[in-house]
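Structure, as structure tokens:
All values derive from a computational prediction rather than experimental measurement. All values below come from the heavy atoms of this structure, side chains included, with hydrogens, waters and symmetry mates left out.
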Amino acid sequence: QVQLIESGGGSVQAGGSLRLSCAASGRTFSDYAITWFRQAPGKEREFVSAISWSGVITYYADSVKGRFTMFRANAKNTVTLQMNSLKPEDTAVYYCAARRGVRAAVTWTEHDYWGQGTQVTVSS
């Protein structure tokens, strides 16, 4: 079992920054690729970013590319999503998910464990 806990959400004005963390406990964290998803009210859940088990490879949705950065610290069992230049359309509940293996995935159901989510609200 892997338990994932997100933190760092909150409210910020457009143009501001937030840093989300995903802390993991349980099995060997470095065995898992990690993905961030988000879901806005009334919308489907969408892929945000992903990172390989080693942290060498990252993927980003076009909507966040150049503004969000994802990195991990396996020794600390954490993954961080640095979000800059936030926009109102970034408002959503953000979830991290873990997928055992080398390759990261962009689909919710391809993962093995999921966190409970953290709310991000960006006001204009």
Side-chain angles (χ1 to χ4, degrees):
Q1 284 281 357
V2 173
Q3 292 79 42
L4 302 174
I5 300 176
E6 304 94 338
S7 63
S11 297
V12 65
Q13 289 192 325
S17 299
L18 282 173
R19 175 173 286 197
L20 304 185
S21 293
C22 175
S25 61
R27 293 185 179 271
T28 306
F29 182 64
S30 59
D31 289 346
Y32 293 82
I34 304 295
T35 304
W36 284 97
F37 295 90
R38 67 186 182 186
Q39 187 166 22
K43 295 187 176 181
E44 292 188 354
R45 188 183 299 114
E46 64 176 359
F47 165 78
V48 176
S49 65
I51 193 166
S52 63
W53 67 275
S54 65
V56 172
I57 301 173
T58 53
Y59 308 87
Y60 297 95
D62 288 343
S63 59
V64 306
K65 201 170 294 183
R67 300 188 297 121
F68 290 13
T69 304
M70 188 175 181
F71 53 94
R72 67 189 294 163
N74 285 342
K76 297 183 179 180
N77 285 7
T78 59
V79 168
T80 300
L81 183 66
Q82 177 66 43
M83 307 187 297
N84 298 328
S85 302
L86 283 163
K87 304 175 181 180
E89 50 264 45
D90 293 319
T91 295
V93 177
Y94 284 69
Y95 302 87
C96 64
R99 182 182 187 276
R100 184 177 177 84
V102 173
R103 185 178 65 86
V106 301
T107 305
W108 182 262
T109 55
E110 290 184 274
H111 292 77
D112 303 300
Y113 304 100
W114 302 266
Q116 294 299 308
T118 185
Q119 176 71 47
V120 170
T121 303
V122 184
S123 58
S124 56

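- No donor-acceptor pair closer than 3.5 Å links the side chain of Tyr59 to the backbone N or O of Thr35.
- Salt-bridge annotation for Asp62 and Lys65: present, with a side-chain N of the basic residue lying under 4.0 Å from a carboxylate O of the acidic one.
- Rounding to the nearest 0.5 Å gives a distance of 11.0 Å between OG1 of Thr121 and CG of Asp90.
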Might you work through the side-chain contact (heavy atoms from CB on, under 4.5 Å) test for Thr91 and Gln119, ending with a clear yes or no?
-> CA-CA 8 Å; Thr91 295; Gln119 176 71 47; 4.1 Å; yes

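- Put simply, the side chain of Val120 reaches to within 4.5 Å of the side chain of Leu20, judged on heavy atoms.
- The closest side-chain heavy-atom distance from Met70 to Ile34 is below 4.5 Å.
- In this structure the side chain of Arg38 reaches within 4.5 angstrom of the side chain of Glu46, judged on heavy atoms.
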Indicate every side-chain donor-acceptor pair of residues 5-12 with a distance under 3.5 Å to a residue at least two apart or in another chain.
{"unit_1": "Glu6", "atom_1": "OE1", "unit_2": "Gln116", "atom_2": "N", "d": "3.1"}
{"unit_1": "Glu6", "atom_1": "OE1", "unit_2": "Gly117", "atom_2": "N", "d": "2.9"}
{"unit_1": "Glu6", "atom_1": "OE2", "unit_2": "Cys96", "atom_2": "N", "d": "2.9"}
{"unit_1": "Glu6", "atom_1": "OE2", "unit_2": "Gly117", "atom_2": "N", "d": "3.2"}

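- Within the 3.5 Å criterion, the main-chain N or O of Arg99 finds no donor-acceptor partner in the side chain of Arg103.
- By the 4.5 Å heavy-atom criterion applied to side chains, Tyr94 and Met83 are counted as neighbours.
- Here the rule is ring pair (Phe, Tyr, Trp, His ring centres under 6.0 Å) with His111, and of Trp36, Tyr32, Phe37 only Phe37 fits it.
- No single ILVMFWY cluster, assembled from side-chain heavy atoms under 4.5 Å apart, contains both Leu81 and Phe47.
- Leu86 and Val64 fall within a single hydrophobic cluster, where Ile, Leu, Val, Met, Phe, Trp and Tyr side chains are chained together by heavy-atom contacts under 4.5 Å.
- Remark: Trp114 engages Trp108 in a ring pair (Phe, Tyr, Trp, His ring centres under 6.0 Å) (not counting sequence neighbours).
- Cation-pi geometry between Arg72 and Phe29 is met: the NZ or CZ atom falls under 6.0 Å from the ring centre, inside 45° of the normal.
- Taking a 6.0 Å sphere around CD of Glu110, one finds it holds more than 12 heavy atoms contributed by other residues, nucleotides or ligands.
- Not one N or O on the side chain of Thr78 forms a donor-acceptor pair closer than 3.5 Å with the backbone of Cys22.
- With sequence neighbours excluded, the residues satisfying salt bridge (Lys or Arg N to Asp or Glu O under 4.0 Å) with Asp31 are Arg100.
- Thr28 places no side-chain N or O within donor-acceptor distance of the main-chain N or O of Ser30, the cut-off being under 3.5 Å.
- Once rounded to the nearest 0.5 Å, the distance linking OG of Ser49 with CZ of Phe68 reads 8.0 Å.
- Under the 3.5 Å distance criterion, the side-chain polar atoms of Asn74 are matched with a main-chain donor or acceptor of Trp53.
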